[in-house]
Amino acid sequence: MFGAARRLSMFLSSPDRPARRLIAFRQMRSDEIIAQKGVSDFFAGYPGFEGIDAVNDPRHLMIDVIKKHLSKNESSIAVAWEQLQQCLDSAWTDDKEWHSVDWGSDAITFVAHMSAAVFVGPELACNSGWQGLITSYTMNLFLAARALRSWPAVLRPVVHWVLPNCRKCREQVATARSMLETEFARRKDEKPKNHKDSIEWMEQVAAGRSYDAAAAQLGLAISSIHTTTQLLTQTLIDMCMYPALLEPLRKEVTAATEEHGFTTAGLYNMKLLDSVIKETQRLKPGMLVNLERMATSPVTLPNGIMVPTGTQLAVSSFPSAFLDPETYLGDRFLDDTGGQLVSSSTEHYAFGMGRYICPGRFLVANELKIALASVLTKYDVKLEDGAEPKIACVG
Ligand code: HEM
């Protein structure tokens, strides 16, 4: 079956595996706490930063949509799968000869299409204007935040009106509003109404309360697209670097889809694939530190260290609690109860922990399994001759 697969070699780049354990821990003066707060709190309320406001909305409307509707939705799997097949057909084609693809750019296209189909429905997901918006807003937002930070605090409320990246963000929010208005108008007259996407779920969760639909969509884009893309990109690179994994993965995917199709049950049965993704995430967690918190009252740690109020804390993303921690073992989590990608533990907390644990992790698992299972069953993949991807620490 796989002899007939289309063949791809990939241009890939990826940085130096991080080996250092790093713990950020320092006390801050109260004025520094404000200055050091992340993009999320510090720029809340600036026009153009509405995507962040949606994530931080104390009413948790967007987060409730993710938790109640997005996470365990059978129809989302079918919608994402359908989008992915269209992306593969047009980007990777059915050419049976080996051909090079730009995996870095294709991975974001695949994730942005799958996510958008679930967030706003397949029609808007395929709109190139919408795609451009959701894939570039995050970067513009961070560049805008960086530019704004270089100005003294008293001038920021004025200079943000003229800084190019801030202006770009405002334009993008306006574009999102206008495109969504068109989508709302289109849906208003539609019969029967059978959309199952976050546009509809926001209405249900808001239950009459006012909310900014464009901000919610941009908030979903910031939270999901680049994070998921990074994990997808690296997992396929790792599979190519450890090609002995490919055949067992293909067998597992074929058995799971033959019995259950691309459904919750089918994806659940891709356990080796789950382990491979989790192992990739262990060695490239996306952030050098995680579990960022601030002490709101004094805390004494078990080792006696006193953490005063206002201290910002973060934990290294590279716990050394694993056997042979530097080695990539695709089946490391295969027989580990509670070792699924979506589970969090004191050893593996790439999705965070506790009250603030990432609510989007179920969608991440579904999208990655859909994409990788489809790639594995349709294509042979290998790295370009001479390519030696390495993970680099940035920060
Ligand atoms: C590989 C992809 C992803 C990674 C590694 C990731 C990681 C994280 C982490 C580390 C946190 C903070 C958890 C904590 O502090 O305990 C977080 C929060 C969050 N994530 Fe994700 N995430 C990913 C994908 C997504 C997706 C696809 C969505 C949306 C569908 C999403 C939505 C959110 C939201 C809304 C929060 C804030 C939760 C809150 O404040 O209660 N994430 N994510």
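Positions are given from 1 along the sequence. Counting starts at 1 for both ligands and their atoms, in listed order. What you see is a predicted model, and the numbers here were worked out from it, not measured in a lab.
Heavy-atom distances between Glu367 and ligand 1 stay at or above 4.0 Å for every pair. Heavy-atom distances between Gln230 and ligand 1 stay at or above 4.0 Å for every pair. Within the structure, the closest approach of Ala350 to ligand 1 falls below 4.0 Å when heavy atoms are considered. At least one heavy atom of Arg293 sits under 4.0 Å from some atom of ligand 1.
Classified by interplanar angle (parallel below 30°, tilted 30° to 60°, perpendicular above 60°), the ring pair Tyr46/His160 is perpendicular. Under the 30°/60° scheme for interplanar angles, the aromatic rings of His69 and Trp201 are found to lie parallel.
Classification of Asp57 and Arg209 as a salt-bridged pair fails, no side-chain N sitting under 4.0 Å from a carboxylate O. Look at Lys251 and Glu247 and you find no salt bridge, because none of the NZ, NE, NH1 or NH2 atoms lies under 4.0 Å from a carboxylate O. A salt bridge links Lys378 with Asp89; the closest basic N to acidic carboxylate O contact falls under 4.0 Å.
Aromatic rings from His260 and Tyr268 are positioned such that their centres are separated by 6.0 Å or more.
Within 6.0 Å of atom OH in Tyr356, 12 or fewer heavy atoms from other residues, nucleotides or ligands are found, so the atom counts as exposed in its surroundings.
Taking 2.8 Å as the limit, the number of protein N, O or S atoms around atom 21 (Fe) of ligand 1 is 1.
Given atom 29 (C) of ligand 1, the protein heavy atom at minimum distance is Ile66 CD1, 3.7 Å. Closest to atom 39 (C) of ligand 1 among all protein heavy atoms lies Ile63 CD1, 3.6 Å.
Looking at Phe362, Tyr349, Tyr356, it is Tyr356 that brings a heavy atom closest to atom 14 (C) of ligand 1. The closest non-hydrogen atom to atom 35 (C) of ligand 1, taken over Met353, Met62, Gln281, Gln234, comes from Met62.
Atom-to-atom distance recorded for Lys278:NZ and Ser343:OG is 5.5 Å, nearest 0.5 angstrom. Atom SG of Cys87 and atom NE2 of His113 lie 4.5 Å apart (nearest 0.5 Å).
When each of Leu220, Ile108, Thr138 is checked for a side chain to side chain contact (heavy atoms under 4.5 Å, CB included) with Ile225, only Ile108 meets the rule.
Judged purely by distance below 3.5 Å, without hydrogens or angles, the side chains of Asn269 and Glu259 never pair a donor atom with an acceptor atom.
Close approach of ligand 1 to Met287 (heavy-atom distance below 4.0 Å) involves ligand atoms 10 (C). Residue contact check: Asn290 has heavy atoms under 4.0 Å from atoms 10 (C) of ligand 1.
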